[in-house]
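Residue numbers count from 1 along this sequence.
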Amino acid sequence: MHYHNDKQNLLDGRYMRMARIWAENSYCERRKVGALLVKNKMIISDGYNGTPSGFENNCEDENNNSKPYVLHAEANAITKIARSHNSSDGATLYVTASPCIECAKLIIQAGISRVIYGEDYRIMDGLDLLKRAGIEVKLIEV
């Protein structure tokens, strides 16, 4: 069993580094967040924070506040699954920042079983909700 945990920790670290690289695709200025959905050692979806398809590519208004319609990386990765032939049931979500409560609700409903995140967000209610739903939550700072 110990071997499996070591192997899983190595994989978790690798996917988290990949999520960090994916975050670089975001055109948001204030904070770039990346997410990968992995199932059976395959990346089945990805996302980064940004505006919906077809909208202008800037996330902040003239006062440098995030526009209300900006999608979080997790929401982008989860909604992408809906347009594919894949299922997120039992998948692991790797995300560079801890999920907010809105994304936590989507994660629960999407059947995701593990959430690995790269840094704490100032509001922790999303993580609290995930734990309450029995989802494994782990911080990996890379």
Side-chain angles (χ1 to χ4, degrees), residues 1-61 64-142:
M1 190 62 199
H2 181 68
Y3 169 74
H4 174 74
N5 284 346
D6 286 349
K7 200 171 178 188
Q8 189 59 61
N9 286 337
L10 275 172
L11 280 172
D12 286 346
R14 284 183 192 135
Y15 284 124
M16 183 54 72
R17 289 194 297 277
M18 289 169 78
R20 285 199 191 290
I21 291 167
W22 203 243
E24 294 170 16
N25 287 319
S26 173
Y27 37 78
C28 295
E29 300 294 331
R30 288 176 60 204
R31 173 175 235 188
K32 297 178 187 295
V33 180
L36 294 177
L37 260 175
V38 176
K39 189 172 173 179
N40 303 325
K41 294 186 186 164
M42 279 192 328
I43 296 169
I44 58 167
S45 190
D46 54 67
Y48 47 86
N49 55 330
T51 54
S53 301
F55 281 67
E56 75 291 341
N57 281 355
N58 56 357
C59 302
E60 292 85 15
D61 61 21
N64 201 33
N65 293 318
S66 280
K67 293 176 181 172
Y69 50 86
V70 165
L71 283 152
H72 288 182
E74 308 92 310
N76 269 326
I78 290 166
T79 53
K80 217 184 223 186
I81 280 283
R83 295 176 77 165
S84 77
H85 296 290
N86 260 315
S87 161
S88 51
D89 210 33
T92 297
L93 176 72
Y94 295 88
V95 61
T96 56
S98 62
C100 72
I101 195 146
E102 291 304 317
C103 287
K105 290 190 272 188
L106 292 177
I107 290 164
I108 293 163
Q109 292 300 90
I112 292 163
S113 58
R114 297 173 74 231
V115 174
I116 313 298
Y117 67 100
E119 63 182 35
D120 285 326
Y121 182 58
R122 56 188 166 81
I123 306 162
M124 299 301 278
D125 54 1
L127 287 179
D128 294 340
L129 191 65
L130 292 174
K131 289 173 190 166
R132 200 169 137 197
I135 293 170
E136 182 190 333
V137 172
K138 188 164 86 172
L139 169 67
I140 293 187
E141 297 174 281
V142 281

- Task: Check whether any side-chain N or O of Asn49 sits under 3.5 Å from a backbone N or O of Val70 as a donor-acceptor pair, and report yes or no.
- Result: no
- Message: Any non-hydrogen side-chain atom of His72 less than 4.5 Å from a side-chain atom of Val33?
- Response: no
- Task: Could you tell me whether a side-chain N or O of Ser45 sits under 3.5 Å from a main-chain N or O of Lys80, the two making a donor and an acceptor?
- Result: no
- Quick check: are there more than 12 heavy atoms from other residues, nucleotides or ligands sitting under 6.0 Å from CD of Glu119? yes
- Should Lys67 and Asn58 count as side-chain neighbours, where that means a heavy-atom distance under 4.5 Å? yes
- Could you go step by step and tell me if Lys41 and Tyr15 meet the side-chain contact (heavy atoms from CB on, under 4.5 Å) rule? CA-CA 10 Å; Lys41 294 186 186 164; Tyr15 284 124; 4.2 Å; yes
- Item | Side chain proximity check, Pro99 to Val115, heavy atoms < 4.5 angstrom | yes
- Task: Examine distances only and state if a side-chain atom of Ser98 and a backbone atom of Tyr121 form a donor-acceptor pair shorter than 3.5 Å.
- Result: yes
- Message: Determine whether Leu37 and Asn86 satisfy the following criterion, side-chain contact (heavy atoms from CB on, under 4.5 Å), listing intermediate values before the conclusion.
- Response: CA-CA 11 Å; Leu37 260 175; Asn86 260 315; over 6 Å; no
- Message: Can you confirm whether Asp120 sits close enough to Leu127 that some side-chain heavy atom of one is under 4.5 Å from a side-chain heavy atom of the other?
- Response: yes
- Message: Main chain of Glu56, side chain of Thr51: is a donor-acceptor contact present, judged purely on distance under 3.5 Å?
- Response: yes
- Task: Over all heavy atoms of both residues, which pair between Ala104 and Gly126 is shortest? Give the atoms and the distance, please.
- Result: CB-O, 3.4 Å
- Note on the structure: Nearest heavy-atom contact between Ala19 and Leu36 is N-CD1, 3.8 Å
- Query: Does any non-hydrogen side-chain atom of Ile43 lie less than 4.5 Å from one of Met18?
  - Reply: yes
- Query: So do the side chains of Asn9 and Lys138 get within less than 4.5 Å of each other, counting heavy atoms only?
  - Reply: yes
- Note on the structure: All heavy atoms of Gly34 vs all of Ala73, minimum pair found to be C-CB, 3.9 Å
- Message: Would you compute the distance between atom OG1 of Thr92 and atom CD of Glu136 and round it to the nearest 0.5 angstrom?
- Response: 7.5 Å
- Message: What I'd like to find out is whether the side chain of Leu71 reaches to under 4.5 Å of the side chain of Pro52, using heavy atoms alone.
- Response: yes
- Task: Check Leu93 against Ala35 and note the closest heavy-atom contact, atom names and distance.
- Result: CD1-CB, 4.1 Å
- Distance in Å, Gln8 CD paired with Asn5 CG, rounded so as to fall on 0.5 Å steps: 8.0 Å
- Item | Parallel, tilted or perpendicular, as decided by the 30° and 60° cut-offs, for the rings of Tyr69 and Phe55 | tilted
- Query: CD1 of Ile81 to CG of Asp46: how many Å apart, nearest 0.5 Å?
  - Reply: 9.5 Å
- Message: For the backbone of Arg30 and the side chain of Glu60, can you confirm whether one donor and one acceptor N or O come within less than 3.5 Å of each other?
- Response: yes
- Item | Value rounded to 0.5 Å, distance of CD1 in Ile108 from SG in Cys103 | 11.5 Å
- Message: Donor-acceptor pair, distance only, cut-off 3.5 Å: does the side chain of Lys32 make one with the backbone of Cys28?
- Response: yes
- Note on the structure: Distance col, row Glu102:CD vs Leu129:CG, nearest 0.5 angstrom, shows 10.0 Å
- Query: Roughly how far, to the nearest 0.5 Å, is OH of Tyr48 from CD of Glu74?
  - Reply: 15.0 Å
- Query: Are any side-chain N or O atoms of Lys39 and backbone N or O atoms of Ser87, one a donor and one an acceptor, separated by less than 3.5 Å?
  - Reply: yes
- Flag side-chain contact, heavy atom, 4.5 Å: Asp12 against Arg114: yes
- Note on the structure: For Ser88 and Ala110, the nearest pair of non-hydrogen atoms, with its separation, is OG-O, 2.7 Å
